[in-house]
Amino acid sequence: MKTSESIIEISKALSKFQEQAEQPAKSADNPFFKSKYVPLESVISAVKKHAPKLGLSYIQIPLTEENKVGVKTILMHASGEFVEFDPFMLPLDKNTAQGAGSALTYARRYTLSAAFGIASDEDDDGNSASGNTKPSNKNQAKTQNNNLASDAQRKAIFAKAKVVGEPFGHDAKYVLESYKVTDTKSMSKGEASALIKKLEAEIEAQKQVN
């Protein structure tokens, strides 16, 4: 992350923004995790409602690498101060215009939300821990549990995600969020296996660069 020599004014403005801003509604569905999130247009609307009068603005620069797309977000203040966030890159599941567009939209939403302190994703860890999602019967519960990612798979995911993030100073949680993964407990064995392969591919790609 880069900043201007002074960030006094932009820090004051951000503090006021976070006092005034209202949490936008999580109106979009994530079918993969059966959760809701704030769509990009709602994040932008929440920012535009208060940021301009506080002298805050931003730009998001699309970036591309081999089989990756992402964005660099720069937060600016009328005083000339700025905060430039590290590029946020995502691997492409599908090397198509639609796949790139989807990944870029996620990267823009994620980094813009982070820059302005907006919670754009649903945190369902409380429900998972308290067992609020109840199966209809014991057989269904047993079937679901047998299909969930194993402890070994979950440990492998976190270990490999940590390796992916280390060169950039990111922890495993940050890396997994870049893959739109917020809760490995609800992943199926197949989903966990696919994610492990993606992380292994990312590790190999980093080795080649280095």
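By convention here, the first residue in the shown sequence is residue 1.
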Colleague: A side-chain contact here means heavy atoms from C-beta on lying under 4.5 Å apart; do Y58 and L112 qualify?
Modeller: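 With C-beta onward as the side chain, the pair touches.
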
Colleague: Measuring only between side-chain heavy atoms, which start at C-beta, is K160 closer than 4.5 Å to I196?
Modeller: yes

Colleague: So, the side chain of N67 versus the backbone of L92: is there a donor-acceptor pair under 3.5 Å, distance only?
Modeller: no

Colleague: Tell me whether T111 contacts the main-chain N or O of A107 through its side chain, where contact means a donor paired with an acceptor under 3.5 Å.
Modeller: yes

Colleague: Determine whether a donor-acceptor pair (N or O, by modelled atom type, separation under 3.5 Å) exists between the side chain of S188 and the backbone of N147.
Modeller: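 Answer holds: no.
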
Colleague: Check the pair E84, M1 against side chain to side chain contact (heavy atoms under 4.5 Å, CB included), reporting the backbone distance first and the verdict last.
Modeller: CA-CA 6 Å; E84 180 181 320; M1 183 174 70; 5.9 Å; no

Colleague: Quick check against the 3.5 Å criterion: does Q20 have a side-chain atom that pairs as donor or acceptor with the backbone of H50?
Modeller: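 Such a contact is absent between Q20 side chain and H50 backbone.
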
Colleague: Give, for atom CG of L176 and atom NZ of K162, the distance between the pair rounded to the nearest 0.5 Å.
Modeller: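 One gets 13.0 Å once the value is rounded to the nearest 0.5 Å.
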
Colleague: Using a 6.0 Å cut-off, check whether atom NZ of K197 has over 12 heavy atoms from anything other than its own residue.
Modeller: no

Colleague: Please assess M187 against T184 for the test side chain to side chain contact (heavy atoms under 4.5 Å, CB included), listing each intermediate value before the final yes or no.
Modeller: CA-CA 5 Å; M187 297 182 75; T184 58; 4.1 Å; yes

Colleague: Could you give the distance from NZ (K198) to OG (S193), rounded to the nearest 0.5 Å?
Modeller: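 Separation between the atoms: 11.0 Å.
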
Colleague: Could you tell me whether a side-chain N or O of K72 sits under 3.5 Å from a main-chain N or O of P87, the two making a donor and an acceptor?
Modeller: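 No; judged by distance alone, with no hydrogens or angles, the pair does not exist.
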
Colleague: Tell me whether L63 is reachable from L90 by hopping between hydrophobic residues (I, L, V, M, F, W, Y) whose side-chain heavy atoms are closer than 4.5 Å.
Modeller: no

Colleague: Let me confirm one number: the CZ-CG distance from R154 to L195, rounded to the nearest 0.5 Å.
Modeller: 12.0 Å

Colleague: Heavy-atom distance under 4.5 Å between the side chains of I61 and I74, does that happen here?
Modeller: yes

Colleague: With no hydrogens and no angle check, is any side-chain donor or acceptor of Q153 less than 3.5 Å from a backbone partner on S150?
Modeller: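 Pair found, side chain donor or acceptor close to backbone of S150.
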
Colleague: For the hydrophobic clusters of this structure (ILVMFWY residues joined by side-chain heavy atoms under 4.5 Å, transitively), does one cluster hold both L104 and I59?
Modeller: no

Colleague: Specify whether F88 and Y174 have parallel, tilted or perpendicular ring planes, treating 30° as the upper limit for parallel and 60° as the lower limit for perpendicular.
Modeller: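 Perpendicular, since the angle between the ring planes exceeds 60°.
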
Colleague: Can you tell me how far the CZ atom of F17 sits from the CD1 atom of I118, to the nearest 0.5 Å?
Modeller: 4.5 Å

Colleague: On a heavy-atom basis, which atom in S178 and which in Y106 lie closest, and how many Å separate them?
Modeller: O-CE2, 4.1 Å

Colleague: Can you see which heavy atom on L75 is nearest to which on I10, and at what distance?
Modeller: O-CD1, 3.6 Å

Colleague: Measure across A103 and V69 and return the closest heavy-atom pair with its distance rounded to 0.1 Å.
Modeller: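 Closest approach of A103 to V69, heavy atoms only: CB-CG2, 3.5 Å.
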
Colleague: Can you tell me if S15 uses its side chain to pair, donor with acceptor, with the backbone of S11 under 3.5 Å?
Modeller: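 It does not hold such a pair.
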
Colleague: Keeping Q60 on the side-chain end and V71 on the backbone end, is there a donor-acceptor pair under 3.5 Å?
Modeller: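 Here the side-chain-to-backbone pair does not exist.
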
Colleague: Between I44 and R108, is a side chain to side chain contact (heavy atoms under 4.5 Å, CB included) present by the stated rule, with each step listed?
Modeller: CA-CA 10 Å; I44 292 174; R108 290 183 61 199; 3.9 Å; yes

Colleague: Are V163 and M89 linked, directly or through intermediate hydrophobic residues, by side-chain heavy-atom contacts shorter than 4.5 Å (ILVMFWY only)?
Modeller: no

Colleague: Between M76, E9, K12, which is the residue that forms a side chain to side chain contact (heavy atoms under 4.5 Å, CB included) with E81?
Modeller: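 Among M76, E9, K12, the one meeting side chain to side chain contact (heavy atoms under 4.5 Å, CB included) with E81 is E9.
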
Colleague: About how many Å separate CD of E41 and OG1 of T105, when rounded to the nearest 0.5 Å?
Modeller: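 With rounding to 0.5 Å, OG1 (T105) is 9.0 Å from CD (E41).
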
Colleague: Any heavy-atom pair between the side chains of V83 and F85 that's under 4.5 Å?
Modeller: yes

Colleague: In Å and rounded to the nearest 0.5 Å, what is the OH to CG distance from Y110 to L40?
Modeller: 15.0 Å

Colleague: Do F82 and L14 land in one hydrophobic cluster if side-chain heavy atoms of ILVMFWY residues count as linked below 4.5 Å?
Modeller: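 No; L14 is not reachable from F82 via cluster members.
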
Colleague: Please determine whether the number of non-hydrogen atoms from other residues, nucleotides or ligands lying under 6.0 Å from atom CD1 of I8 exceeds 12.
Modeller: no

